[in-house]
Amino acid sequence: MEYRNKAKRKSSGYVGAWARRLGLLMLAVLMTGALAACGSSGNNNASTQNAGKKVYQIGVIQYVEHPALDAAYTGFKEELAAKGYKDGGNIKLDFKNGQGDTNNLSTISNQFVAEKKDLILAIATPAAQAVANQTSTIPIIGTAITDYEAAKLVVSNDKPGRNVTGTSDLVSIADQIKLGKELVPTAKTVGLLYSSSEANSVVQAKLAKQAIADQGMQVKEVTVATVNDVQQATQSLVGKCDYIYIPTDNTLASAMKTVAGITTPAKLVTITGSDTMVDDGGFATMGIDYTDLGRQTADMAIQILSGAKTPADLPIEWTEKTSVTINADLVKAFGITVPAKYVDAVKAPATTK
């Protein structure tokens, strides 16, 4: 009996020790699992937070590289950042330049649509037309576009009615023609130089011809199709007019230095559509600040991204702020006396400062 009790106690001791070891082992496993679960839960929360944070994908399609369009994009980015929409943070900007090629514009547009961008910024009329031809659902906001309605981008400028809206760079062409007359008082014939392939330029040319007639002058009209035509077209106006008027034409703006290479030696005044064209050799303009225009465009984009507005019910906007800029280098070279009211507008071109 005593032997059995001893054996029983011994057996019980083995069982108890084994149970304690098993219990400790299970506790360790449970604690390890709990810690792993905590770590996994933290990662899942982080993933959930990252997934829940909206990063707006914004495609940017620019027709061609030239200072005015570049400035509009700069202003757009600056204003977005100032309002809390920072590239690499809550927005991702995907910039593409069409280099003035319609095939490139089509390819870029198709890419943006396939990627289902949240918003597309179109800089200049051809870029907006290209992307609008590819989507009727993705919001498109344009800038540096003369007339959205004339370009068939909207139902009307006041009530776009579609997925396109934006800002216009159209200023008073009548005032620009008048500026030319004030700087060249004896002018009787104005050379009108623009690209016939750009809808925005065709609209401006029509307005310019009326303004020239209203000023009692004649018009000598010459058009180009590509930048390759610019040199010959400009040369054809030398000796045939008293000054040249060039609207905010993308083809001519990108080739303004070519124009200046002919007009400067001939001492032929050029009145341009933007101050960036003056920086590249134009004589004078009454234009807008394209960086400011880009900022204005960004404010419209924010209304769309925030859900406050849709392009269909967001009217086209213009800027009322214009200023005269006169090329100081050319004033001196041409020996022209500038009217007193424009003396403060005579400035050295930005490219030579």
Side-chain angles (χ1 to χ4, degrees), residues 55-102 104-105 107-109 111-112 115 117-132 138-146 148 151 153 164-171 198 200 248-256 272-280 287-305 311 314 316-319 321 350-351:
V55 177
Y56 295 98
Q57 302 295 320
I58 302 176
V60 181
I61 178 170
Q62 181 170 313
Y63 174 52
V64 70
E65 181 180 358
H66 70 67
L69 302 189
D70 297 343
Y73 181 45
T74 296
F76 183 80
K77 291 186 293 183
E78 289 177 350
E79 184 67 8
L80 283 180
K83 295 294 176 64
Y85 291 81
K86 297 183 178 180
D87 189 21
N90 54 350
I91 64 169
K92 177 60 179 175
L93 294 170
D94 185 2
F95 176 85
K96 306 288 185 186
N97 194 312
Q99 301 298 333
D101 188 306
T102 55
N104 290 343
L105 294 176
T107 299
I108 296 166
S109 299
Q111 178 185 334
F112 285 170
E115 293 171 349
K117 299 294 188 185
D118 295 299
L119 178 78
I120 297 175
L121 169 67
I123 307 177
T125 304
Q129 289 173 323
V131 74
I138 297 176
I140 300 168
I141 190 154
T143 191
I145 293 171
T146 300
Y148 288 74
L153 292 167
V164 182
T165 189
T167 57
S168 170
D169 58 356
L170 181 64
V171 298
E198 294 186 35
N200 60 303
T248 52
D249 180 290
N250 295 297
T251 302
L252 270 299
S254 64
M256 194 62 209
T272 67
S274 71
D275 57 357
T276 56
M277 295 168 79
V278 173
D279 289 336
D280 282 341
I288 64 172
D289 186 316
Y290 276 82
T291 304
D292 286 344
L293 188 70
R295 293 192 181 103
Q296 186 175 350
T297 310
D299 288 333
M300 295 181 73
I302 290 170
Q303 293 183 65
I304 296 171
L305 292 175
L314 196 56
I316 304 304
E317 294 186 7
W318 286 260
T319 178
K321 183 181 178 182
T351 53

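Everything numeric in this text was worked out from a predicted model, so none of it was measured.
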*Which is it for Asn90 and Val55 under the side-chain contact (heavy atoms from CB on, under 4.5 Å) test, yes or no, and what are the steps along the way?*
CA-CA 4 Å; Asn90 54 350; Val55 177; 5.6 Å; no
message = What verdict does the side-chain contact (heavy atoms from CB on, under 4.5 Å) test give for Met277 and His66, after you've listed the backbone C-alpha separation in whole Å, the side-chain angles of each residue and the deciding distance to 0.1 Å?
response = CA-CA 9 Å; Met277 295 168 79; His66 70 67; over 6 Å; no
- Query: Could you go step by step and tell me if Tyr290 and Asp169 meet the side-chain hydrogen bond (donor to acceptor under 3.5 Å, both in side chains) rule?
  - Reply: CA-CA 8 Å; Tyr290 276 82; Asp169 58 356; 2.8 Å; yes
**OP:** Begin with the C-alpha distance, continue with both residues' side-chain angles, and end with the deciding distance and a verdict on side-chain contact (heavy atoms from CB on, under 4.5 Å) for Tyr63 and Ile123.
**Re:** CA-CA 6 Å; Tyr63 174 52; Ile123 307 177; over 6 Å; no
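A pairwise comparison of heavy atoms in Tyr148 and Thr165 identifies CE2-O, 3.8 Å as the closest pair. When all heavy atoms of Glu79 and Ala298 are compared, the closest pair comes out as CB-CB, 3.5 Å. Summarising the geometry of Ala128 relative to Ile145, their closest heavy-atom pair is CB-CD1, 3.6 Å, with the distance given to 0.1 Å. Here the closest heavy-atom approach between residue Thr125 and residue Asn200 is recorded as OG1-CB, 3.5 Å. Smallest separation of non-hydrogen atoms from Val64 and Gln99: CG2-C, 4.1 Å. Taking every heavy atom of both residues into account, Ala122 and Ala127 meet most closely at CB-C, 4.0 Å.
A heavy-atom distance below 4.5 Å is found between the side chains of Pro139 and Leu119. Within the 4.5 Å cutoff, the side chain of Ile61 has heavy atoms near those of the Leu105 side chain.
Of the possible polar contacts, none joining the Asp280 side chain to the Met256 backbone as a donor-acceptor pair under 3.5 Å is found. Here the side chain of Glu78 pairs no donor or acceptor atom with the backbone of Arg295 at under 3.5 angstrom. Side chain of Asp118 to main chain of Ile58: no donor-acceptor pair is present (N/O by atom type, distance under 3.5 Å, no hydrogens or angles). Judged by distance alone, the side chain of Glu198 and the main-chain N or O of Asn250 form a donor-acceptor pair under 3.5 Å. Listed for the Ser168 side chain is no donor-acceptor partner under 3.5 Å among the backbone atoms of Trp318.
With no hydrogens or angles considered, a side-chain donor-acceptor pair links Thr167 and Thr297 at under 3.5 Å. If you check the side chains of Gln57 and Glu115, you find no donor sitting under 3.5 Å from an acceptor. Looking only at atom types and distance, the side chain of Glu65 has no donor-acceptor partner in the side chain of Ser254 under 3.5 Å away.
Salt bridge Asp94/Lys92: absent, no basic N to carboxylate O contact under 4.0 Å.
Only one option out of Leu305, Ile304, Leu80 pairs with Tyr56 in a side chain to side chain contact (heavy atoms under 4.5 Å, CB included); it is Leu305.
In this structure, Thr107 OG1 and Phe112 CZ are separated by 11.5 Å, a value rounded to the nearest 0.5 Å. Considering CG of Leu93 and CG of Asp87, their distance stands at 4.0 Å, rounded to 0.5 Å. Between the OG1 atom in Thr143 and the CG atom in Leu69 there is a gap of 8.5 Å [rounded to 0.5 Å]. Going from atom OG1 of Thr276 over to atom CD1 of Ile288 covers 9.5 Å, rounded to the nearest 0.5 Å. In this structure, OG1 in Thr291 is found 13.0 Å from CD in Gln296, a value given to the nearest 0.5 Å. With rounding to the nearest 0.5 angstrom, the CD1 atom of Ile140 is 11.0 Å from the CD atom of Gln129.
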